[in-house]
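Residue numbering restarts at 1 for every chain, and letters A, B, ... go by the order of the sequence lines. Predicted model only: the values in this text are computed from it and were never measured. Hydrogens, waters and symmetry mates are skipped; everything else that's a heavy atom, side chains included, is used.
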Number of protein chains: 2
Amino acid sequence: MVTMANAQILVVDDEPDILSVLVYHLSREGYRVTTAVNGQGALTTADADRPDLIILDLMLPGMDGYEVLQRLRRAERTNSIPVILLTARREEEERVKGFEVGADDYITKPFSARELTLRVEALLRRAKAEPVSASRRISVGPVELDREGHRVFSEGSEVDLTPLEYRLLEVLLERRGRVQSRRQLLQAVWDTNASIETRTVDMHVARLRTKLGGAAPLIETVRGIGYRFRALDK
Amino acid sequence: MVTMANAQILVVDDEPDILSVLVYHLSREGYRVTTAVNGQGALTTADADRPDLIILDLMLPGMDGYEVLQRLRRAERTNSIPVILLTARREEEERVKGFEVGADDYITKPFSARELTLRVEALLRRAKAEPVSASRRISVGPVELDREGHRVFSEGSEVDLTPLEYRLLEVLLERRGRVQSRRQLLQAVWDTNASIETRTVDMHVARLRTKLGGAAPLIETVRGIGYRFRALDK
DNA sequence: CGGTATGGTTACAAATGCGTTACGATACCG
DNA sequence: CGGTATCGTAACGCATTTGTAACCATACCG
């Protein structure tokens, strides 16, 4: 199976054994693999090579995985690259923290080769399928957006949005699962570099949230970074 | 080639020579042909026989071709019959006036048999194909639009619309459920890119709304975007 | 535990969009 | 040639939308 052939993957781990296992499996699947053994190297390589996916161990000497992820997410060149966190700890707390900082998926050690490739494939597929920009209808979880009719539904019933809220939701849905910085959202929603406070984004996100309703927050806050629409479907 | 075999064509001309030539060529192509030699006869025959096509000479004794055409268009039973105007004059002005009154095509004398049959075939084909793409009758909620009769009904009773209002409604109905920007409507209703203010659309939408009546607004405003006819049925 | 940063929430003035009315221009008709 | 219908534009006012500031709640940090 040559699913997402030729995708480039950056693997970050300081333990040689794990690193070599990862490289072996991924290469065997046909991926181009680059490596880094610490946070600084990971950031440099990510910025330079712009890999399609990053597999990041949380336990690193010096700068730990969370911080690496945070920095990746802060930089616009790298903040939309899917990241899989790798950790020995299975605790719920870790997962939550990881997702909050902007991870896309999680693998706990020990892992099977099958699990690894499945998750890698899933993420690459999602990233590739992302350009739904042209589709007439976007449907994510309980939210539906009908472009032709310019209407939005949440759990079946129509939601009345202002033009700006509509655009904001549209952008978030198009880029669901990926953290968007306030500046990115400003650029996408408010078009050109309008001189608008980044805090204004918060406002409209809040309004959107209440209008969309629902118990679980569909639009998640990634502290220090920005916002992200939960990737539920697929 | 027996393209649109068995179609019935009414030929209206007062000059025996031309009339016989027309009848000859058309009969040879397999069409059923009836004739009239003046306006009054043309109208009577058209109303009685409901031909599939009318070839109408502009120069007629008494009631001239324009008037015949105008009357054909006003009568519900005949106003959707394709008409080819026949004239000796090639002037642009004549063509324009003819099309304005509702002609579908134009043939200038002298004409070749080939030109005649080509145009006849083209029109018949178009008329026949039409009901496939555009139905003769659109019915959405309480509103009915009858293309044949060029009439509009709201909750059963007829509504008197100006030509422009009719066209606007037609476009909105055809694209019901989809938002149309003012610019899109301008293009669709006013045809060519006439230099018309987008706000003018609002005007006519407002007029349409009041004429259509009804409690719930059938034509919805999508703030910042345009208008949309409510998609009720299906 | 305070203190600080970050995000959520509320309030409000300014800007914008739209419905409406009025009116002039033009075409059509008797 | 006056009368009528149709249409495009301008102008006014109301309602909604929206950006900002201010204040409150919570998370993070030592």
message: Any donor-acceptor pair under 3.5 Å linking the side-chain atoms of B/Thr221 with those of B/Arg209?
response: yes

- request: Any chance you could list the contact pattern along nucleotides 10-15 of chain C? Use B for base contacts, S for sugar-phosphate-only contacts and - for none, protein heavy atoms under 4.0 Å, 5' to 3'.
  value: B-----

field: salt bridge (Lys or Arg N to Asp or Glu O under 4.0 Å) against A/Glu15, all qualifying residues, sequence neighbours excluded
entry: A/Lys109

field: Whole-Å distance separating the CD1 atom of B/Ile196 from the C1' atom of D/dA10
entry: 15 Å

task: Calculate the interatomic distance between A/Glu197 atom CD and D/dT18 atom P; express it in whole Å.
output: 17 Å

- request: Could you check how far CZ of A/Arg182 sits from P of C/dT6, rounded to whole Å?
  value: 10 Å

message: Among residues at least two apart in sequence or on other chains, which ones pass side-chain hydrogen bond (donor to acceptor under 3.5 Å, both in side chains) with B/Glu220?
response: B/Arg228

- prompt: Are any of the side-chain nitrogens in B/Glu158 or B/Arg151 under 4.0 Å away from the carboxylate oxygens of its partner?
  reply: yes

field: Pair B/Arg176 + B/Glu170, salt bridge at N-O below 4.0 Å
entry: no

task: Mind checking A/Tyr166 for me? I need base, sugar-phosphate or nothing, with any heavy atom below 4.0 Å counting as a touch.
output: nothing

field: Atom-pair distance (CG on B/Asp202; P on C/dT21), nearest Å
entry: 14 Å

message: When you measure from the side-chain N and O atoms of A/Thr162 to the phosphate of D/dT18, is any distance below 4.0 Å, counting only OP1 and OP2?
response: yes

field: 5' priority, DNA chain C, between B/Gly224 and A/Ile225 [closest heavy atom]
entry: A/Ile225

Within the sub-3.5 Å range, which N or O atoms of nucleotides 23-30 of chain D have a protein N or O partner, and how far apart are they?
none

- prompt: Taking only N and O in the side chain of A/His204, is any of them less than 4.0 Å away from OP1 or OP2 of D/dG19?
  reply: yes

message: Regarding A/Thr200, tell me which of base, sugar-phosphate or nothing describes its non-hydrogen contacts under 4.0 Å with the strands shown.
response: base

task: For A/Trp190 and D/dT17, give me the distance from atom CH2 to atom P, rounded to whole Å.
output: 15 Å

- request: Tell me what B/Val201 touches on the nucleic acid: a base, only sugar-phosphate, or nothing, going by heavy atoms under 4.0 Å.
  value: nothing

message: Filter on salt bridge (charged side-chain N to carboxylate O under 4.0 Å, His left out), then keep only pairs touching residues 45-55 of chain A, sequence neighbours left out; what's left?
response: A/Asp47-A/Arg77

- request: Could you tell me whether the phosphate oxygens of C/dT6, OP1 or OP2, come under 4.0 Å of any side-chain nitrogen or oxygen in A/Thr221?
  value: no

- request: For the residue pair B/Leu58 and B/Asp64, establish whether any side-chain heavy-atom pair is separated by less than 4.5 Å.
  value: no

field: Contact nearer the 5' end of DNA chain D, comparing B/Thr198 with A/Pro163
entry: B/Thr198

Whole angstrom value for the distance that separates P of D/dT20 from CG of A/Leu164: 12 Å

- request: Quickly work out the A/Arg167 CZ to C/dT16 P distance and round it to whole Å.
  value: 16 Å

- request: For B/Tyr227, enumerate each residue passing the ring pair (Phe, Tyr, Trp, His ring centres under 6.0 Å) test, keeping only those at least two apart in sequence or located in another chain.
  value: none

- prompt: Between A/His150 and A/Tyr166, does a side chain to side chain contact (heavy atoms under 4.5 Å, CB included) hold up when you go through it step by step?
  reply: CA-CA 8 Å; A/His150 215 267; A/Tyr166 179 91; 3.3 Å; yes

message: Tell me the interatomic distance from B/Glu220, atom CD, to C/dC18, atom C1', rounded to whole angstroms.
response: 15 Å

Pair A/Asp105 + A/Arg119: basic N to acidic O under 4.0 Å: yes

